[in-house]
Number of protein chains: 2
Amino acid sequence: MRKRLSDTVEDYLKMIYKLSADTERVGTGQIAEALEVSPASVTDMFQRLANENPPLLDYIKHQGVKLTNEGRKIALEILRHHRLLELFLHEVLGYSWDQVHAEADRLEHVISEKFEERVAVVLGDPQRGLHGEPIPNRNLEMPDHPTSYLHDMRPEQRGVIHSVSDDDPGFLRFLKTQGLVPGAEFSVVDFSPYDNNLRLQVNGQDQEIVLGASVTAQLKVEIKNAS
Amino acid sequence: MRKRLSDTVEDYLKMIYKLSADTERVGTGQIAEALEVSPASVTDMFQRLANENPPLLDYIKHQGVKLTNEGRKIALEILRHHRLLELFLHEVLGYSWDQVHAEADRLEHVISEKFEERVAVVLGDPQRGLHGEPIPNRNLEMPDHPTSYLHDMRPEQRGVIHSVSDDDPGFLRFLKTQGLVPGAEFSVVDFSPYDNNLRLQVNGQDQEIVLGASVTAQLKVEIKNAS
DNA sequence: ACAATAATTTAGATTAGTCTAAAATATAAT
DNA sequence: ATTATATTTTAGACTAATCTAAATTATTGT
């Protein structure tokens with residue numbers, strides 16, 4: 001039976017997990033920015049979590065942190081909660097895809113193992129969330145998933161939207177109007193090197209669309225091999 | 001838009017509401033006992049909540065507290081959450097009637113207005129909870145409900161179980177085995193003045209049952225008029 | 001009516017999570 | 001290689017919620 005952690009600690013671990021996708025170690029500043037707290041608070045928390053028993057973080061002064069296995073388990077558990085909850089809110093309670101995030105962010109810390117399990121059963125043990133994200137399984141193993149962003153694609157390439165970041169309702173509504181939902185196929189028509197804009201043709205949409213870097217960096221894609 | 005209150009504050013208000021059913025003012029000691037905190041902590045909280053703006057409690061030194069209208073609204077909101085959640089966990093997620101309480105106790109502080117509303121709709125705007133308790137309506141008005149306890153009934157009287165206290169899983173399982181669920185009709189067969197035991201004949205049960213005061217004081221009843 | 005007992009309140013301390021301001025350390029630039 | 005800039009850490013302080021121990025106020029029994 002694991003010691004009950006505060007919502008705050010869980011939020012730190014979740015965020016460290018997310019940012020670890022890009023960099024080996026996550027720095028004080030990144031977390032401070034993402035969690036909207038001061039860098040001093042982050043340093044403090046890094047130290048506390050590294051001194052837990054067992055340690056949840058591996059912390060090196062001035063070089064940031066890495067999750068320990070313990071810490072990662074907790075992050076994955078919360079992520080599983082979050083993604084199951086988002087789906088549940090949509091499927092069972094009729095939330096739209098831009099409304100689910102905020103509610104799931106609060107509920108994820110509070111539901112029991114039993115709740116998690118029941119929701120998983122009701123939803124038929126899904127492996128992908130409402131916004132396409134992989135859902136860690138019961139044993140907290142993360143399914144394989146692509147790691148490329150639309151941002152890095154270039155003309156001629158074809159791909160499928162895999163998942164989109166879920167936290168900004170306005171952004172999600174925008175994506176929907178453009179047909180940029182998980183599973184949507186597209187091809188890159190043009191790339192503009194000065195602003196990193198990409199022009200896409202999305203299957204089933206009449207008009208081509210042009211997307212800036214701040215959009216394309218939020219979209220994970222599966223790149224189709226040229227045939 | 002009301003200021004966000006801590007779970008702790010909500011728990012105090014909820015408990016004060018519950019204990020106010022019996023006494024006009026609720027004392028420090030009662031709350032300390034019910035919430036399992038020290039009397040000193042309770043005094044402190046009483047003072048803080050009475051000094052809020054607007055005040056949530058009307059506090060008189062050494063005489064305990066009474067909810068203000070503001071305070072009562074919050075208590076009723078939490079109670080509505082709790083009772084809707086218990087039903088929801090049972091109906092939608094298949095929890096048994098002794099398992100719902102602990103989960104609802106955590107979720108009640110965290111769900112949004114929207115969640116509350118969606119759950120109410122899915123459940124068809126119920127007026128009674130899983131254990132028979134009245135559910136405050138959307139405007140936080142408490143429906144009329146009986147205030148008598150089985151404890152105070154005497155031989156010859158007939159009644160219907162209205163509601164049972166929901167917090168002890170073992171007690172709830174016991175009640176179910178005895179057929180003592182909301183809606184069950186019964187008549188009082190015998191009363192034993194020394195230990196306050198009551199002997200009941202519950203409709204549909206073969207055997208008469210004898211219940212001690214610590215059980216009968218937990219059961220709200222609707223007393224049937226003799227015909 | 002007054003002492004004994006019980007309940008409540010005050011005082012002072014602790015912990016988690018946060019902050020600002022100052023100090024220390026890295027990184028980058030010339 | 002040395003200075004300038006940016007980042008991180010330390011130090012000290014605040015708030016909410018709790019505690020224990022001591023002081024105060026009520027209640028009760030004779």
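The figures that follow rest on heavy atoms only: side chains count, while hydrogens, waters and symmetry mates do not. All chains are named by letter (A, B, ...) in the order of the sequence lines, taking the proteins before the strands, and each is independently numbered beginning at 1.
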Nucleotide [N], atom [atom2] - distance to [atom1] of [X] in whole Å:
X: H109(B); N: dA16(D); atom1: NE2; atom2: C1'; answer: 16 Å
X: E52(B); N: dA17(D); atom1: CD; atom2: C1'; answer: 14 Å
X: M45(B); N: dT9(C); atom1: CE; atom2: P; answer: 15 Å
X: L56(B); N: dA16(D); atom1: CG; atom2: P; answer: 14 Å
X: Q47(B); N: dT18(D); atom1: CD; atom2: P; answer: 15 Å
X: E33(B); N: dA7(C); atom1: CD; atom2: P; answer: 10 Å
X: D44(B); N: dT18(D); atom1: CG; atom2: C1'; answer: 9 Å
X: L5(A); N: dA16(C); atom1: CG; atom2: C1'; answer: 13 Å

Given [N], is OP1 or OP2 found less than 4.0 Å from the side-chain N or O atoms of [X]?
X: R48(A); N: dG17(C); answer: yes
X: S6(A); N: dG17(C); answer: yes
X: Y59(A); N: dT9(D); answer: yes
X: T43(A); N: dT8(D); answer: no
X: Q63(A); N: dA26(C); answer: no
X: S38(B); N: dT18(D); answer: no

Task: Heavy-atom pair with the smallest gap, counting every atom of N196(B) and A213(B) - done: CB-CB, 4.1 Å
Task: Comparing Y12(A) and K61(A) on DNA chain C - which has the more 5′ nearest nucleotide - done: Y12(A)
Task: Charged N-O contact under 4.0 Å between D7(A) and R106(A) - done: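 Looking at D7(A) and R106(A), the cut-off is not met.
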Open item on the list: The side chain of V9(A) is closest to which nucleotide in this list: dG17(C), dC19(D), dA26(C)?
Closed with: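 Per side-chain heavy atoms of V9(A), the pick is dG17(C).
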Open item on the list: I want to verify a distance call: between dT8(C), dA21(D), dT25(C), whose nearest atom is closest to the A40(B) side chain?
Closed with: dA21(D)
Task: W97(B) and H90(B): CA distance, side-chain angles, deciding distance, ring-ring contact (aromatic ring centres under 6.0 Å, His included) verdict - done: CA-CA 7 Å; W97(B) 91 325; H90(B) 179 71; 8.7 Å; no
TODO: Determine whether the side chains of E222(B) and H162(B) contain a donor N or O and an acceptor N or O closer than 3.5 Å.
DONE: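 E222(B) vs H162(B): no donor-acceptor pair found between side chains.
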- [ ] Under 4.0 Å between any heavy atoms, over every strand shown, what does T8(B) touch: base, sugar-phosphate, or nothing? Just pick one.
- [x]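 Here T8(B) touches the backbone only, sparing every base.
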Open item on the list: Any non-hydrogen side-chain atom of L85(B) less than 4.5 Å from a side-chain atom of E103(B)?
Closed with: no
